[in-house]
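To start, the structure under review is shown below, and the notes come after it.
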Amino acid sequence: MNSMIDTATRIVDLALKKGADEAEVFFCKSEGKGFMIEKNSISSISGGVEKGIGIRLIKAKKIGFAYCTEEEKADRAIEQALSLSKLGKESEFSFPAPDKTDTIDNIYDARIVGFTDEQALEGISTLIDSALEVDPDIVISRGGVAYGTENFAIVNSKGLEVEDKGTDIHAGVSTVLRKNEVSTGFENVSSRILDVDFEAIGRRGAELALTGQNAKKIEDKDMTVVFTPYALSSLLEFIIAPVLIGESARKGESVYSGKESEVVASEKLTIVDDARLPGGLNSAVVDDEGVPSKRTELISRGVLQGFLYSQSSAIEYHTASTANAMRTARFSSARSYKNPPVVKARNIYVEGEVERVGNLINGVDEGVLVYEILGAHTSNPASGDFYVNCSILFKLEKGEITYPIKSAMLGGNLPECLKQVNGIGNDHKFLAGGLSPVSFFIPTVSLDGIRVTG
Amino acid sequence: MANNHPKVFCFWKACQVDSCGDFLEQAILDEGIEKGATYCDIRIGESRGTSIEVKDGELKKASSGEEKGAGIRVLYNGAWGFFSTNEISRQSLRNALNNALLSAKNGSKLTKEKVHLCNVHVIKDKIVWKPKKDPFDIPIVEKRKILADVDAAIHEIDGVHTVTTTYTDGTINTHFLNSEGSDISTEITRTMAQVNLVAREGANVIGYRGRIGGTGGFELFDMFDPVEKGVKLGESAVRVLRAKRSPNGRLPVVADHDLTGVFVHEALGHATEGDLVTSGDSVLEGQLGKKIAADNVTIIDDSTIKNAFGSFPYDDEGVCGERKVLIDKGILEGYILNRETAHKLGMQSNGGARAESYAARPLVRMSNTFIEGGDYSFEELLEDIDYGIYAKSTRGGEVDTTKGSFQFSAQEAFLIEKGEITTPLKDVSLSGDTLQILKNIDAVGNDFVMSDPGFCGKGQLVPVGDGGPHIRIKEAVVG
């Protein structure tokens with residue numbers, strides 16, 4: 001591992017030699033494997049290795065950035081970054097100084113590093129068999145297992161030298177059952193350690209499709225919506241996560257702007273960004289510019305506490321970095337060395353007075369239990385308005401799940417809905433984002449204030 | 001829209017045998033076959049690009065870089081293996097090959113249906129889509145000036161609160177070789193600018209966004225004026241800010257070209273992707289030859305359109321890009337296919353295999369998907385509507401192709417009352433059912449426009465285009 005720090009250090013030194021006043025190198029190496037399932041069968045096995053270097057430098061108080069894939073190309077990248085720095089405006093930005101870091105549990109599992117094709121294929125066999133046991137007509141139309149390892153090192157000219165490594169594994173299925181009609185189901189699981197229950201994934205994915213048979217239409221009405229974690233994550237990713245970013249909030253870009261210390265949600269709701277969460281999908285000892293990871297309370301019992309910052313936005317708004325710098329690719333949940341850090345929520349954790357999901361359902365006079373939504377990414381984060389289509393949902397009447405629904409649209413304003421929390425479940429699940437690197441550890445949540453259109 | 005007949009274009013070039021085969025790449029393919037693969041291909045991708053972001057007049061980000069890598073695919077005993085690396089050395093490529101072979105061997109033990117590939121022509125070709133104004137030659141201050149000008153123009157509009165503009169350019173050079181003898185080099189440049197703005201009045205705040213650009217270079221900003229586009233976005237945003245909420249329920253809708261494009265992409269396009277069709281994930285499975293849309297609906301996916309964002313000369317299996325008729329006057333005529341799905345369906349590949357980069361294996365993807373223009377003028381479309389919605393501009397959509405249900409959003413809308421456009425409305429989303437809504441298109445406008453650059457996600461992101469004329473949907477669920 002020392003060799004990654006050594007490489008990064010050499011490049012920082014080269015940048016300083018070539019005229020940078022300060023420099024930072026982010027060097028990462030990753031490898032991964034993916035098994036794709038189509039129509040109850042393995043359709044392909046893919047793998048890859050990748051390494052990359054992101055170089056940020058400051059010259060005459062201006063910042064430039066460039067990337068390359070190997071040390072031999074760093075010289076040219078440094079020149080590109082120096083040239084780009086001339087474009088910028090002067091700022092007070094300076095790279096973070098070294099600081100104490102603590103290890104985090106459950107983010108690196110040697111069993112994932114050593115996971116063999118045979119083990120993965122055995123798991124997938126189990127997954128497929130358990131789905132077919134639920135109903136022999138079930139088809140896992142698509143699904144997969146993907147796992148990987150990532151090592152990164154960050155070195156800067158202030159003497160910061162840090163490295164970390166992590167593993168992750170994701171498994172999921174989409175199921176289709178064609179009996180009286182077409183019903184669908186799914187199940188997905190993400191983890192930093194090898195604790196995937198393949199049997200449960202196949203079985204749950206199939207059961208959801210089975211219970212979706214004989215679906216009915218419903219009337220248009222305002223009613224309670226109980227969101228399972230996956231459905232909730234879509235809304236949080238595109239509507240709440242973007243507006244918790246300090247720069248955006250401080251510039252008046254959302255309904256949360258200027259509302260620090262005010263009640264913005266139900267007192268049952270506490271939302272935290274915790275990059276130290278054991279097992280958190282984005283947990284690491286530091287953020288992507290080397291600042292030690294923190295737990296930041298965003299909404300505490302309904303009261304807005306603050307927002308998320310990286311080193312540069314913290315300096316601009318005279319506050320401290322909350323260690324939320326992430327290097328990401330466009331519309332991707334993966335990290336990327338090709339971009340300079342931006343502020344993103346890392347692990348969104350919904351806390352509060354939790355209760356059994358059964359209780360949440362029992363408390364519903366009329367509503368719907370929603371598993372999956374389409375179109376959350378088309379929502380308007382500035383206003384908080386959303387109109388999404390639900391493809392897998394069930395009617396709730398007087399505390400019972402009564403029947404599956406063909407499809408429905410849900411519309412509302414999410415910040416307003418979060419003021420009307422009926423209850424928070426205790427079934428927290430790790431979930432990756434769909435089109436951004438944000439991740440979640442969230443339960444089922446019951447909300448009001450939503451119009452359901454059949 | 002310019003439309004070279006693709007087959008003629010490609011075969012003419014193919015006559016110039018261009019030995020761009022690198023010994024190393026060929027050696028890797030030969031080794032794969034020696035080790036028992038029935039098919040191998042390798043894609044070496046080299047890319048460079050620049051990206052700038054300006055927010056409220058201030059440069060926030062400027063980044064530049066280069067990358068090179070290879071992805072190797074093998075077919076062994078009817079199963080696929082794939083491995084990629086961004087280290088190009090003999091050792092690293094051999095490791096990648098061995099990993100791909102091992103994966104395929106392991107996979108073949110569990111694969112229930114062996115993969116076969118339809119036949120395709122062996123092609124040796126080199127195509128460079130050189131932009132008229134290569135962004136690589138444009139000084140970065142000029143790139144920044146475009147954003148600064150757009151930013152300044154939008155900020156003039158009362159009600160606009162913050163403006164974030166992004167400029168991105170990229171040139172990708174791909175060298176594709178396969179074990180059948182194909183050897184194709186392509187170079188494509190894409191250039192794009194995006195605006196995300198927030199309009200605010202008191203506690204009332206909304207976001208709005210748009211893009212401009214395509215396949216090509218800086219000449220795209222001569223063809224499509226970014227400042228003009230930016231100002232239109234700003235004006236729309238402020239109109240939406242001050243607008244009333246839309247009525248909801250089942251209503252007739254007239255969609256502009258931007259919304260029509262995303263509608264076609266979500267409602268129909270995905271369901272025609274061969275991999276979804278053959279895995280039981282599409283409502284269009286087994287529907288070829290059936291009438292699934294109204295008579296006036298002809299939907300095309302075409303990867304040969306000059307300057308369109310989703311265009312490419314060859315797909316990532318070395319098959320020539322082409323114009324694919326998906327629906328012809330209401331009848332489902334075709335799917336988008338790669339070699340494997342074409343074989344499963346007893347058809348020919350029509351160049352539908354695309355990978356996000358060398359680091360991903362190709363999947364069946366759309367390119368530029370649109371409805372062809374029809375007969376109605378815009379006024380005629382409105383005439384017959386007593387009470388309905390005119391919906392414009394989009395932030396995208398999403399589809400469940402298995403059930404055929406989809407959602408797409410319009411950033412701006414207006415009431416239509418007795419054939420006239422009246423009250424401005426806030427953003428709306430529309431949803432529907434594929435098999436039903438295509439039959440509900442009861443009028444197609446004559447004003448075809450190819451819309452703005454888009455990105456399609458399906459586990460991997462690819463650039464796409466879409467568009468169409470104004471269309472009238474008899475009934476859609478509006479929320």
Side-chain angles (χ1 to χ4, degrees), chain A residues 38-52 64-70 73 77 80 84 87-89 117-118 121 124-125 139 141-142 176 182 184 220 251-255 330-332 338-340 374-375 377-378 380-383 385 387-389 391 407 409 411 435 453, chain B residues 58-59 61-68 79-87 99 102-104 106-107 109-113 140-141 144 161-162 198 200 203 205-207 248-249 279-281 359 361 395-400 402-403 405-409 427-429 431 455 457 461 477 479:
Chain A
E38 272 175 72
K39 237 175 171 171
N40 291 342
S41 169
I42 293 277
S43 66
S44 78
I45 301 180
S46 309
V49 291
E50 188 184 50
K51 61 184 185 344
F65 177 88
Y67 66 86
C68 59
T69 55
E70 49 200 3
K73 302 250 168 74
Q80 281 176 318
L84 286 170
L87 269 193
K89 155 184 129 132
D117 279 10
E118 285 71 30
L121 290 172
I124 291 172
S125 259
V139 175
S141 55
R142 46 201 52 247
V176 185
V182 178
T184 57
D220 302 354
K251 283 202 162 204
E253 287 182 338
S254 79
V255 298
R330 182 202 297 271
F331 302 141
S332 163
K338 295 180 203 167
N339 289 307
L374 301 178
H377 66 287
T378 69
N380 200 325
S383 64
D385 287 338
Y387 299 102
V388 294
N389 183 297
S391 46
S407 82
M409 278 191 84
L435 290 176
T453 316
Chain B
E58 243 182 67
L59 184 88
K61 259 191 286 172
S63 104
S64 208
E66 295 169 5
E67 190 197 355
K68 185 172 183 178
W80 281 120
F82 175 85
F83 203 86
S84 69
T85 173
N86 66 355
E87 197 180 308
N99 281 325
L102 185 58
S103 289
N106 286 331
K109 296 173 198 157
L110 262 198
T111 303
K112 294 189 178 126
E113 229 180 279
I140 192 140
V141 289
R144 201 260 296 264
H161 187 67
T162 65
V198 172
R200 181 168 196 133
V205 57
I206 60 115
N248 46 53
S279 66
D281 250 336
R361 56 179 204 108
R395 269 193 299 276
E398 200 169 349
V399 62
D400 175 337
T402 319
K403 280 175 156 171
S405 69
F406 64 92
Q407 178 267 14
F408 56 111
S409 75
D427 45 347
V428 296
S429 282
S431 77
F455 290 94
L461 211 65
V477 179

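Letters A, B, ... mirror the listed sequences (proteins, then strands); counts begin at 1. Here the structure is a predicted model, which means the values were calculated and not measured.
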Residue pair [X] / [Y], side-chain heavy-atom distance below 4.5 Å:
{"X": "A:S383", "Y": "A:V255", "answer": "no"}
{"X": "B:V205", "Y": "A:E253", "answer": "no"}
{"X": "B:E398", "Y": "B:F406", "answer": "no"}

Considering only heavy atoms, which portion of [X] lies under 4.5 Å from any heavy atom of chain A: side chain, backbone, both, or neither?
{"X": "B:K112", "result": "both"}
{"X": "B:E58", "result": "side chain"}
{"X": "B:L461", "result": "side chain"}
{"X": "B:N99", "result": "neither"}
{"X": "B:F408", "result": "neither"}

Between [X] and [Y], which heavy-atom pair has the shortest distance, and what is it?
{"X": "A:H377", "Y": "B:R395", "value": "CD2-O, 4.4 Å"}
{"X": "A:A382", "Y": "B:G207", "value": "CB-N, 3.4 Å"}
{"X": "B:S103", "Y": "A:I45", "value": "O-CD1, 3.2 Å"}
{"X": "B:V399", "Y": "A:L374", "value": "C-CD1, 3.8 Å"}
{"X": "A:G375", "Y": "B:Q407", "value": "CA-OE1, 3.3 Å"}
{"X": "A:C68", "Y": "A:K73", "value": "CB-CB, 3.8 Å"}

For A:K39, side chain to side chain contact (heavy atoms under 4.5 Å, CB included) partners two or more places apart
A:V139
Identify which of [options] forms the greatest number of heavy-atom pairs closer than 4.5 Å to chain B.
{"options": "A:G411, A:A77, A:G252, A:P381", "answer": "A:G252"}
{"options": "A:K89, A:E70, A:E38, A:R142", "answer": "A:R142"}
{"options": "A:S125, A:G47, A:P340, A:A66", "answer": "A:G47"}
{"options": "A:T184, A:V182, A:D220", "answer": "A:T184"}
{"options": "A:T453, A:L84, A:N389, A:N380", "answer": "A:N380"}
{"options": "A:S254, A:S407, A:S141", "answer": "A:S141"}

[options]: which one forms the most heavy-atom pairs within less than 4.5 Å of chain A?
{"options": "B:A104, B:S431, B:G107", "value": "B:S431"}
{"options": "B:L102, B:V428, B:N248", "value": "B:N248"}
{"options": "B:A79, B:S63, B:G457", "value": "B:S63"}
{"options": "B:S409, B:G249, B:G479", "value": "B:G479"}
{"options": "B:A203, B:S279, B:G81, B:S405", "value": "B:S279"}

Please state whether the side chain, the backbone, both or neither of [X] comes within less than 4.5 Å of a heavy atom of chain B.
{"X": "A:S332", "answer": "neither"}
{"X": "A:V49", "answer": "both"}
{"X": "A:Q80", "answer": "side chain"}
{"X": "A:D385", "answer": "side chain"}

A:F65 and A:Y67 aromatic ring geometry - parallel, tilted or perpendicular at 30°/60° bounds
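Geometry flag for A:F65 against A:Y67: tilted rings.
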Does B:E67 form a salt bridge (charged side-chain N to carboxylate O under 4.0 Å, His left out) with A:K338? I'd like the steps, not just the answer.
CA-CA 9 Å; B:E67 190 197 355; A:K338 295 180 203 167; 2.6 Å; yes
